[in-house]
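Here the structure is laid out as structure tokens; the discussion comes afterwards.
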Amino acid sequence: MYLVHIHLRSPANGEALTRDIAAVVMAAGLEAGLEHVTVHTGGIPCPVIGIYVRAATLRAAEALAKEIWSRASDTDRRLSRWVPLRIEVPLLVPPEWLT
């Protein structure tokens with residue numbers, strides 16, 4: 001399982017990303033291996049949707065996330081106004097590496 005972040009640029013009209021978008025993304029990916037969705041509306045420098053997907057490789061996870069985003073934004077007008085800046089598995093550093 002992989003955590004993939006979808007970093008988004010907001011629409012020109014300043015529309016805010018709302019947490020209920022998680023349900024739209026979840027519905028778009030249920031049959032594709034999507035396990036969980038979380039929406040970070042106050043992500044810095046931009047909002048982020050985090051999704052957990054089942055995939056064999058990191059590359060496959062990122063491709064699946066892109067496909068899920070495409071399906072979700074095709075089915076919900078609100079999402080179609082947001083532009084994905086990056087769709088990537090984040091590098092997570094174990095806490096013990098920081099000491």
Side-chain angles (χ1 to χ4, degrees):
M1 185 174 324
Y2 290 89
L3 166 62
V4 183
H5 281 170
I6 303 170
H7 300 262
L8 299 169
R9 184 178 72 216
S10 60
N13 66 5
E15 179 181 350
L17 189 66
T18 57
R19 293 192 189 280
D20 66 321
I21 291 299
V24 175
V25 176
M26 192 72 194
L30 268 179
E31 295 184 22
L34 179 59
E35 291 287 329
H36 179 74
V37 178
T38 186
V39 177
H40 303 283
T41 59
I44 305 295
C46 58
V48 175
I49 297 175
I51 65 172
Y52 286 89
V53 295
R54 289 187 312 269
T57 66
L58 186 145
R59 183 174 291 191
E62 291 175 339
L64 179 56
K66 184 176 180 182
E67 180 182 316
I68 290 168
W69 170 260
S70 180
R71 272 192 249 143
S73 62
D74 284 348
T75 60
D76 191 295
R77 273 182 80 166
R78 294 172 300 167
L79 283 181
S80 68
R81 295 187 289 263
W82 290 80
V83 176
L85 299 171
R86 293 187 317 276
I87 299 176
E88 62 189 5
V89 172
L91 174 62
L92 302 174
V93 179
E96 60 270 15
W97 289 10
L98 300 175
T99 58

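Given the structure is predicted, the values throughout are model-derived calculations rather than measurements.
Taken together through direct or relayed side-chain contacts under 4.5 Å among Ile, Leu, Val, Met, Phe, Trp and Tyr, Val48 and Tyr2 form parts of separate hydrophobic clusters. A single hydrophobic cluster is not seen to contain both Tyr52 and Leu58; linkage of ILVMFWY side chains at heavy-atom distances under 4.5 Å, directly or through other members, places them apart. Hydrophobic clustering keeps Leu85 apart from Trp69 (ILVMFWY residues linked when any side-chain heavy atoms are closer than 4.5 Å, directly or through intermediates). Follow the hydrophobic side-chain contacts under 4.5 Å out from Val83 and you never reach Leu79; the two are in separate clusters.
The two residues Ala65 and Val4 come nearest to each other via the heavy atoms CB-CG1, 3.5 Å. The two atoms that bring Ala32 and Arg71 nearest to each other are CB-NH2, 3.7 Å, heavy atoms only. For the pair Leu8 and Pro84, the tightest heavy-atom approach, listed with the atom from each and the gap, is CD2-CA, 3.8 Å.
The list of salt bridge (charged side-chain N to carboxylate O under 4.0 Å, His left out) pairs with a residue in residues 23-34, not counting sequence neighbours, is empty. Listed by first and then second residue, the salt bridge (charged side-chain N to carboxylate O under 4.0 Å, His left out) pairs involving residues 89-99 amount to none (not counting sequence neighbours). The side chain to side chain donor-acceptor pair (under 3.5 Å) analysis of residues 4-13, with sequence neighbours excluded, yields the pairs His7-Arg86. Residue pairs meeting the salt bridge (charged side-chain N to carboxylate O under 4.0 Å, His left out) criterion with at least one member in residues 17-30, sequence neighbours excluded, are Asp20-Arg78.
Judged as a side-chain contact (heavy atoms from CB on, under 4.5 Å), and not counting sequence neighbours, the contacts of Leu92 are Leu3, Pro90.
Here the CD1 atom belonging to Ile87 is positioned 10.0 Å from the CD1 atom belonging to Ile68, to the nearest 0.5 angstrom.
At distances below 3.5 Å, at least one donor-acceptor pair connects side-chain atoms of Ser80 with backbone N or O atoms of Arg77.
A salt bridge does not link Lys66 to Glu62: none of the charged nitrogens lies less than 4.0 Å from a carboxylate oxygen.
In this structure, Trp82 and Asp76 have side chains that are not in contact, with every pair of non-hydrogen atoms separated by 4.5 Å or more. When side chains are defined from C-beta on, Ile49 counts as touching Leu17, because their heavy atoms get closer than 4.5 Å.
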Contacts under 3.5 angstrom, residues 36-46 side chains, donor-acceptor by atom type, not counting sequence neighbours:
none

